[in-house]
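FYI, the numbering just counts along the sequence from 1. Whatever order the structure lists ligands and atoms in, that order sets their numbers, starting from 1.
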Amino acid sequence: MSGVARLELDGTVYELPTYVGTEGERAIDISKLRDTTGYITLDDGYGNTGSCRSAVTFIDGDAGILRYRGIPIEELAGRSSFVETAWLVIFGTLPTVEQRDRFSTLLSDSAMIDEVMRKHFNAFPQSAPPMAILSAMINTLSAHDAGVTQIEDDADMERATAVLMSKVRTIAAASYKASIGEPLVYPRYDLKYAENFLHMMFSVPYRQFEATPEVTAALNLFLMLHADHEQNCSTSTVRMVGSSKANLFASCAAGVCALWGPLHGGANVAAVQMLQQINDSGMPVAEFVRKVKNKDEGVKLMGFGHRVYKNFDPRSKILKKSVDEVLAQLDKTDPLLDIALELEAAALEDDYFIERKLYPNVDFYSGILLRAIGIPLEMFTVMFAIGRMPGWIANWKEINDDEKSRIYRPRQIYVGPTGVQWQPRDER
Ligand code: SDX
């Protein structure tokens with residue numbers, strides 16, 4: 001707590017306490033506002049509202065800063081694997097050798113889903129959206145292993161975390177296999193997190209898929225960059241659901257649904273579809289930019305803009321560099337990358353985007369990286385969900401560990417009809 005804010009309402013001056021976080025962010029604590037003034041605040045989209053105090057991730061949107069538990073994303077990129085980063089995000093510090101080994105074993109031991117659960121995949125239509133399957137099957141996990149919803153101590157939390165993180169990978173790969181009519185592939189005990197996922201995605205009974213070190217490193221980087229991002233739409237959803245004391249799996253299944261939207265995690269698919277459309281139509285980039293600026297056409301530059309970043313999204317810079325490296329390592333080219341680079345250059349010089357502080361976000365280059373490592377388009381948002389799982393788990397844990405946490409229950413301002421009388425049906 002620090003200073004005081006003064007608010008004058010209807011001739012009365014009220015004093016509201018202010019709060020400063022460890023990175024200097026300032027807030028007016030309005031937890032007593034309604035009781036003392038009868039007023040509530042109104043903030044469509046919560047652009048100015050802090051829903052919680054959190055120690056997991058810090059973002060400075062103006063400076064383009066992203067830190068997990070105080071460590072800049074640039075320091076983790078290329079040094080910490082996704083699994084190590086997940087431990088940092090969830091449990092607060094980089095894992096010791098013993099913690100890392102214990103967690104790695106838990107992940108390997110938890111990779112398989114039981115045979116009854118595998119049968120669900122025969123019931124989904126082949127056209128079923130993978131995000132629908134992912135959300136449904138994460139919830140179903142707790143039906144097949146009720147123990148993971150009883151989290152009483154750190155050991156329970158580690159096991160539930162490992163079950164969720166490990167099996168979300170198996171479920172995702174199984175949803176892909178089911179969608180292309182191939183047999184589901186069992187995980188291998190000798191493979192680490194990213195390699196095992198790629199094995200389950202691309203191996204077939206008569207040929208094992210062996211991921212190259214470059215592809216494995218690129219997937220680890222992609223997942224690590226998506227691990228958490230403060231109170232974004234899907235993480236706030238997980239906190240909302242978790243605040244009612246719903247279990248970890250139900251809360252993260254809800255997070256998958258929020259992430260699915262094209263304005264959020266679905267943007268990595270929409271960004272590649274946009275680039276593909278420009279490429280296939282042969283439309284000059286300048287013409288597409290004109291369409292975006294001419295709002296009537298409702299065309300957005302997908303992968304651009306952000307509620308918080310009013311500067312470059314640091315993840316986008318790292319992904320852009322990784323795309324270049326991976327394509328070179330794999331001796332591949334991608335015309336969509338050329339279009340993306342041209343679009344970015346055009347937007348960064350155009351007042352329309354500059355005035356609105358629209359820069360590439362995490363989704364602008366991530367889809368091109370996923371294409372380079374062979375992930376099919378319909379799995380892009382699922383990849384985002386696998387990457388974001390540690391952040392969802394960390395935020396659920398933060399609420400669950402806080403004995404003072406309360407159920408999320410925002411207020412509203414009613415603007416509907418008043419004084420309406422009931423009428424018999426023949427008089428309506
Ligand atoms: C993610 O919150 C997170 O942290 C999310 C995320 C995470 O890691 O969890 O970072 C992941 O979701 C990244 C964002 C992915 N979404 C997209 O790329 C979709 C395209 N972007 C936009 O829809 C938009 O930028 C949002 C949704 C990301 C942010 O929307 P805001 O903050 O509500 O901004 P806004 O819609 O009020 O836009 C402000 C202005 C408007 O113009 P004016 O009315 O002022 O004239 O900017 C314009 C908008 O029309 N604008 C865009 C644009 N984004 C905003 N114009 C063209 N193309 C865009 N992409």
Side-chain angles (χ1 to χ4, degrees), residues 43-51 54 56-62 64-68 73 85 89 131 222-239 252 255-275 278 285 288-319 340 343-344 346-348 350-368 380-392 394-395:
D43 183 19
D44 285 340
Y46 299 125
N48 304 280
T49 298
S51 64
S54 176
V56 181
T57 292
F58 172 70
I59 300 173
D60 179 330
D62 296 323
I65 290 173
L66 169 55
R67 300 187 191 124
Y68 295 155
I73 195 81
T85 305
V89 165
M131 287 293 272
F222 172 93
L223 295 172
M224 187 277 289
L225 290 174
H226 285 76
D228 192 44
H229 211 241
E230 205 205 60
Q231 298 310 310
N232 58 84
C233 179
S234 52
T235 301
S236 296
T237 300
V238 171
R239 288 185 85 109
C252 291
V256 170
C257 297
L259 186 71
W260 195 354
L263 294 188
H264 189 15
N268 57 17
V269 173
V272 164
Q273 288 172 329
M274 171 190 75
L275 296 170
I278 295 171
V285 160
F288 182 79
V289 170
R290 187 198 61 74
K291 283 176 171 293
V292 170
K293 290 162 66 176
N294 173 14
K295 287 185 161 167
D296 308 347
E297 304 186 43
V299 176
K300 277 191 182 286
L301 185 45
M302 299 311 278
F304 254 70
H306 200 277
R307 176 63 58 79
V308 175
Y309 289 123
K310 299 308 175 190
N311 191 325
F312 256 90
D313 179 335
R315 301 167 297 177
S316 167
K317 282 185 177 174
I318 297 170
L319 283 164
L343 261 177
E344 178 185 352
L348 295 185
D350 190 307
D351 286 344
Y352 180 92
F353 299 91
I354 295 167
E355 284 157 14
R356 292 166 177 80
K357 298 185 176 178
L358 301 177
Y359 293 90
N361 60 49
V362 67
D363 293 306
F364 192 61
Y365 289 104
S366 60
I368 301 174
F380 282 12
T381 310
V382 170
M383 299 310 294
F384 193 144
I386 295 173
R388 185 53 50 87
M389 207 50 76
W392 290 342
N395 278 270

Taking only heavy atoms of the protein into account, state which residues are under 4.0 angstrom from an atom of ligand 1, in chain and number order.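 For ligand 1, the contacting residues are His229, Asn232, Leu263, His264, Ala267, Val292, Lys295, Lys300, Leu301, Met302, Gly303, Phe304, Gly305, His306, Arg307, Arg315, Arg356, Leu358, Asn361, Asp363, Phe384, Arg388.
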
Walk me through whether Arg307 and Glu230 qualify under salt bridge (Lys or Arg N to Asp or Glu O under 4.0 Å). CA-CA 12 Å; Arg307 176 63 58 79; Glu230 205 205 60; over 6 Å; no

Is there a donor in the side chain of Asn395 and an acceptor in the side chain of Thr235, or the other way round, less than 3.5 Å apart? no

Minimum heavy-atom separation for Phe364 and Gly303, please, with both atom names.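 Result for this residue pair: CB-O, 3.3 Å.
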
Is the shortest heavy-atom distance from the side chain of [X] to the side chain of [Y] under 4.5 Å?
X: Val289; Y: Tyr352; answer: no
X: Ser366; Y: Met383; answer: no
X: Tyr68; Y: Asp228; answer: yes

